Amino acid sequence: MKFIFDSNTWQEIFGSIGKNKTRTAITVIGVLWGIFIYIALAGAAKGLDNGFERAFESTAMNSMFVWAQSTSMPYEGFKTGRSLQLKLDDVNTLKNRIPEIQYIAPRNAKGVFGGSQAAVVRGQKSGTAPVYGDFPIYTKIATKKIYDGGRFINDEDIEEARKVVVIGERTQKELFDEEENPIGEFIRVDNIYFQIVGVHKYVPGGGFEGDTDMYIPYSTYKKLYNTGENVDWLTIAAYDDADVIQAEKDVKAVLKSIHRVNPDDERAIGAFNLGEIFNRITGFAKGLTFLSLIVGIATILAGVISIGNILLISVKERTKELGVRRALGATPREVRNLILLESVFLTVVSGIMGIVLGALVLYGIDSATHDSDFPYTNPTLPISYVLGALGIMVVLGTLIGLIPAQRAVSIKPIDALREE
Amino acid sequence: MIEIKDLHKSYKMGSNSLHVLKGINFNVEEGELVAIMGSSGSGKSTLLNILGMLDVLDEGTYTLDGVPIINLNETKAAKYRNKFLGFIFQSFNLINYKSAAENVALPLYYQGVGRKERQVKALKYLEQVGLKQWAGHLPSELSGGQKQRVAIARALAAEPKVLMADEPTGALDSKTSYEVMDLLQKINDAGNTILIVTHEPDIADMCKRIVHLKDGVIVEDKMVDQVRASQYV
Ligand SMILES: Nc1ncnc2c1ncn2[C@@H]1O[C@H](COP(=O)(O)OP(=O)(O)O)[C@@H](O)[C@H]1O
Ligand SMILES: [Mg+2]
C-alpha cells in the first residue's frame, strides 16, 4: 500500500497520463459518459418515483372508489338496464364480510359527477361550489389538511346533523377579506345557513378534488338534499398488506349479492382502484430505475473496457520505458502496480467527473420542473448508490488494468530494452 | 568481483539455434576498467546482458561479488540489478517525461529510499557529472553528451558494484565520446568497476584491459596502458 501514498508513484502516473492528453481525454470520456448516464437516469427515475408518491400522498395508496351503475344482465326476474343505488347499510355489510377492508367512507356529492354546484352566499359576495356529504372517517383514507384553527366534520356533527361546513381555500378568498377569520362565520349554502368550522388546504395532483370543495356532515347533506339512505360512492381503504385487486373483486361481489345483480355482470358496479394504478406507476418507476442501472452499467463497462484498451496500447508504446525501469530495479510487481494504479486512477477520476456532471443535470431538471405539475421531486440518489458505483469503478478499473499490467511484465526486460 | 566459467548462450529461432557464446571464461576484479571488443554480431551485448542479469545463460556459472547468479526469478533479478549493477545504454534510455534529477533518482526509488534523500543524492551525482544546474531539465532539452552524463549519474546513484555500459559512445561524436570516457575514467579512478562494450578501438584504448570476442569465444584478453581521455577534451 505504501506506493499509493508515495508522491513519486503519483508523479509517475501523472507523467505517463499527461504524455498523451488526447488519448487520456478520450479514455476519460468513455467512463464519464457511463457513470453520467447511470446517475442521470437513476436519479431521474427516483425523481419520478418521488413525484408520483407526492402526487398521491394525500390518499391512501391501497384505496379504491366504488359506485353503482346500471345492470347489463337480467337476473332473478329483473330486466337489464336497472339502475342501482348504493345504500348506507352496504357499508356495514361490506365491513362484516370482507376482512381486508380497513376503512369505508360512504360519500355523497353534488356538483362533482353530476348535478349543479351549490350556491354559496355571504352578504353581497357569492359563488358556487361542489358539496360533499361526508363522515369523519373519510380523513383516515384521504388526508385533508385543515388550516390552523379549523377542523373537519366530527361524530357529533353527524349525530346532530349540524349545519357546519369545511370550505375550500378559494371559496374563502371569494367570500372573505384577507384579514377576516372565516372560522365560526356563517354562509348560506343553497339558502341554508351553515357555520364554517374549517378551511382545507388544496393539494394539487390528488385526483378529482378541487380548491372550492365543501364538506358537510353526511346526515346534514341527507336532509338538505333529501337523499335518504343513498350513497353516491364508497371510498374504501384496504389494509396495507392486503391484495387490493382481490379486495376490489370481493367488494363488487358483495355489492352484487346485496343488490341482486348477476355475479357475472361486469358493468353494474363501477370501481376505480387507486392501489392498482399506484402499483403500476411504482412498477414503472422501478422498471425505469432498473433500466437505468442496466444502461448505466453497460455504458460504464464499455468505458472501462476502453480504458483497458488504451492502457494496453500505452503499455505497448511504453515497452522500452518499462524495460528501463526494470533494468534499474523495478520488480514485476512494481511495474504491475504502476499500470494498475493508472487504470484505477483514470476510472475513478472519470467516475467522479461523471457523478458531478450527472448531479448537475439532475439539479437542472429539478429546478426546471420545480413549479410545474410534472410529477418529479427530489431526484436524489442515495449516497450508497454513488459510493457503490465508485467502488464498482475501482474494482472494474483494477480488473481491466490487470490485462495491460500483465502484458507489461510478460515481456522480458531484455526484449523490452531492445524495442525501438 | 565477476567470475564466469564456461558460459554458453544460444538463441533459438524456430527450429534453428544460433550459438552465440561458446564457452566464455572470464574474471573481473574490483576496480577494473574493461573494454569488451569485437565486430558487430560477435556477441558482446549478449555477454553484457547476461552479466547484467537481463538475460540468462544456457550453460556455465556466473558469480557476482561472491553471489552465485543462478535460477533467478524476475523479482530477484530486479533486486540484484538494483543493488549490484548500474546500466549505461547506447541510446541513453532516459525517461522522457522526467527531469534529469528525477531520472537520476529513479533507481533510488526502487531501492526504497525516501523522497528527500533521493533528491539530495540525485543532485550530488548530477554535480559529479557536471550537470547540477540542469537538474530540472527534461531530456529533450539536453544534448546527446549531457543525456549520457545524466544516464551515468543515474547508474552511479544506486552505488552499484559494477557499471555496465553497452556502446556508451555509440551515438556520440568523437569529442563528446571523449568527454564521456573522461568521466568514466574518473569514476573508475575513484574505485568503481566498469565494463564497457565497444567496437571502437580508440574507446577501448582508454580502458585498462581489452577483451576481444570473436565467433563466440575470447580470442584475446590483455592489459593495456590507459590512454587518458582528458587530453582530448
Ligand atoms: N534475442 C535474440 N534472438 C535471436 N538472435 C539474437 C538475439 N539477440 C542477438 N542475437 C544474435 O546474436 C548475435 C550476437 O548479437 P549481439 O550480442 O547483439 O552482438 P554485438 O553486440 O556484438 O553486436 C547476432 O548474430 C544477433 O543477431
Ligand atoms: Mg551490441
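Heavy atoms only: backbone and side chains are in, while hydrogens, waters and symmetry mates are out. Values in this document were obtained by computation on a predicted structure and should not be read as measured data. Residue numbers begin at 1 in each chain, while the letters A, B, ... track the order of the sequences.
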J.: Should B:T75 and A:R333 count as side-chain neighbours, where that means a heavy-atom distance under 4.5 Å?
T.: no
J.: Is a donor on one side and an acceptor on the other found under 3.5 Å between the side chain of A:R326 and the backbone of B:A78?
T.: no
J.: Answer yes or no: does atom CZ of A:F290 have more than 12 heavy-atom neighbours from other residues, nucleotides or ligands under 6.0 Å?
T.: no
J.: Using side chain to side chain contact (heavy atoms under 4.5 Å, CB included), reason through A:T331 and B:R81 one step at a time and then give a plain yes or no.
T.: CA-CA 10 Å; A:T331 61; B:R81 284 196 290 270; over 6 Å; no
J.: Kindly compute the distance separating CD (A:E321) from CG (B:N93), expressed to the nearest 0.5 Å.
T.: 10.5 Å
J.: Decide if atom CD of B:E141 counts as having more than 12 heavy atoms of other residues, nucleotides or ligands within a radius under 6.0 Å.
T.: yes
J.: Of the backbone (N, CA, C, O) and the side chain (C-beta and beyond), which part of A:R325 lies under 4.5 Å from a heavy atom of chain B, both, or neither?
T.: both
J.: Could you tell me whether a side-chain N or O of B:N82 sits under 3.5 Å from a main-chain N or O of A:L328, the two making a donor and an acceptor?
T.: yes
J.: Would you say that more than 12 heavy atoms from the other residues, nucleotides or ligands in this model lie under 6.0 Å from the NZ of B:K116, or not?
T.: no
J.: Rounded to the nearest 0.5 Å, what separates atom CZ in B:F89 from atom NZ in A:K320?
T.: 8.5 Å
J.: Could you tell me which portion of B:N96 (side chain, backbone, both or neither) has an atom closer than 4.5 angstrom to a non-hydrogen atom of chain A?
T.: side chain
J.: Using a cut-off of under 4.5 Å for heavy-atom pairs, which of B:N73, B:L54, B:D55, B:L94 has the most such pairs with chain A?
T.: B:L54
J.: Is B:N49 in contact with chain A via its backbone, its side chain, both, or neither, using a 4.5 Å heavy-atom distance?
T.: side chain
J.: If you compare all heavy atoms of B:E74 against all heavy atoms of A:P332, which two are closest, and at what distance to 0.1 Å?
T.: CB-CG, 3.5 Å
J.: How long is the straight-line distance from OG1 of B:T46 back to CD1 of A:I414, given to the nearest 0.5 Å?
T.: 8.0 Å
J.: If I measure from the heavy atoms of chain A, does B:Y80 come under 4.5 Å with its side chain, its backbone, both, or neither?
T.: neither
